[in-house]
There are 2 protein chains.
Amino acid sequence: MGRNKELNQKTKDERRGQILSKALMLFATKGLAATKITDIASAAGMSQGLLYHYYRSKEDIFVELIRSAFERMNTASLELEKLPLPPQEKIRLAIETLLQGLNDNEDTGRYYLLIAVATASEAIPEAAKTIIQKENLVPYEVITRIISEGQKDGSIKDYEAKDLALVFWTSMKGLAIHKAVHGNKFKMPDADILMSMFI
Amino acid sequence: MGRNKELNQKTKDERRGQILSKALMLFATKGLAATKITDIASAAGMSQGLLYHYYRSKEDIFVELIRSAFERMNTASLELEKLPLPPQEKIRLAIETLLQGLNDNEDTGRYYLLIAVATASEAIPEAAKTIIQKENLVPYEVITRIISEGQKDGSIKDYEAKDLALVFWTSMKGLAIHKAVHGNKFKMPDADILMSMFI
DNA sequence: GTCTATATCCAGATAGAC
DNA sequence: GTCTATCTGGATATAGAC
């Protein structure tokens, strides 16, 4: 009995995961408003009606994805900061990991694209705006701290740390968008190019 | 008689310009699908009905803006290339002009944002896709040529010219998006930071 | 040229059968 | 859990009066 309940919960979670994955692709390439609930349902292989068994609305799905995107990005940022590496190596690792992620895992790029497009748009649910406002700064702050540390020991150039952090993230998001458009034809730039802003 | 016709045409063009300017702001901040035709009409101070006197559809307005955005961007690129300056000075001028434009003229940032978002989106009119496909490469090609020239005389670093051009433009578009979100709170980074990838 | 009113359509969400 | 059928609302575009 309890076992059945757990099993049901598990398959339900899996189903939700499928829906989220398809919705991520659609939201990233078409945006929230242009993505129809039927698009998501048919991409996930179910009827519109059934989709409402798993999510209460299109906006709920969107908010869930935004939450998840920031959780991944911010967790990764904070993990990076904790690594026992000198600051400039953290920056290099961040650049290489992000470029690699964009190349290898399609969802990685889509999460960044989703954040980039959602952050730029006013036409998103209030709940999503709240999350963005609360979470958006974390990666900037982490990178700023790493850069400041590297500037103290002289291993990172002496531009304003905030400026460097800004250019770091805007460049990454720009690359994510480009990747989303050109897909596999897109050859990653050499990480050294980006590194040369820092060292 | 002919004079009246000209005058009418002129005020009509002005009215179209007002509509385009308001639509640009809305499309840039909300996207095509989330922008309602009534939003545009009321922002331009007219009824929905009247708007259809000037444009046949919301998509027509969008396509017109895309066309105009690329015309500006590509003209500016080609003008830059023709200037009697050494290659690395052209790069520096491009960066400074773009950062300045983002700072001073609100529409400049919006045009870049419109291009960035439209290029990333599948949910745009076919006519817009055609324009993008045809025009999108011009700035990349111009910058690539300038970089190659600078590499011949040794004044620009020897990374792959195409990679450098890609990072150049993706960074610029990333900054444009950031500017659109944070508006006036947004302090431009030092142009030297971006230059340090090239020299 | 400009407005209000309206026809038409389409998408989000619900109801109810299986 | 899953589907089909349907209600409802809202947005595009048109018609017609001024």
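A note on names: the letters A, B, ... follow the listed sequences, proteins ahead of strands, and every chain is numbered from 1.
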Indicate yes or no: does [X] engage [Y] in a salt bridge with an N to O separation below 4.0 Å.
X        : Y        : answer
B:Arg145 : B:Glu81  : yes
B:Asp39  : B:Lys22  : no
A:Arg110 : A:Glu106 : yes
A:Glu126 : A:Lys129 : yes

What's the OH-P distance between B:Tyr54 and D:dT12, to the nearest Å? 20 Å
Grab the CG-P distance between A:Leu50 and D:dT4 for me, whole Å please. 11 Å
Just the atom pairs and distances: protein N or O near nucleotides 5-7 of chain D's N or O, under 3.5 Å.
none

Looking at side-chain heavy atoms only, is the closest gap between B:Ser77 and B:Ile143 below 4.5 Å? no
Hey, can you tell me if A:Phe198 and A:Phe168 have their rings parallel, tilted or perpendicular (30° and 60° cut-offs)? perpendicular
Parallel, tilted or perpendicular, judged at 30° and 60°: which one describes the rings of B:Phe62 and B:Phe27? perpendicular
At a heavy-atom distance below 4.0 Å, which nucleotide of DNA chain C is the first touched by chain A, and which is the last? C:dA11 to C:dT14
Tell me whether A:Met25 shares a hydrophobic cluster with A:Leu20, the cluster being built from Ile, Leu, Val, Met, Phe, Trp, Tyr side chains joined at under 4.5 Å. no
Within residues 27-37 of chain B, find the residues that approach DNA chain D with a heavy atom at under 4.0 Å, and present them sorted by residue number. B:Thr35, B:Lys36, B:Ile37
dist A:Glu122:CD -> A:Ile124:CD1 (nearest 0.5 Å) comes out at 9.5 Å
Side chains of A:Gln88 and A:Ser155 only: does a donor on one sit below 3.5 Å from an acceptor on the other? yes
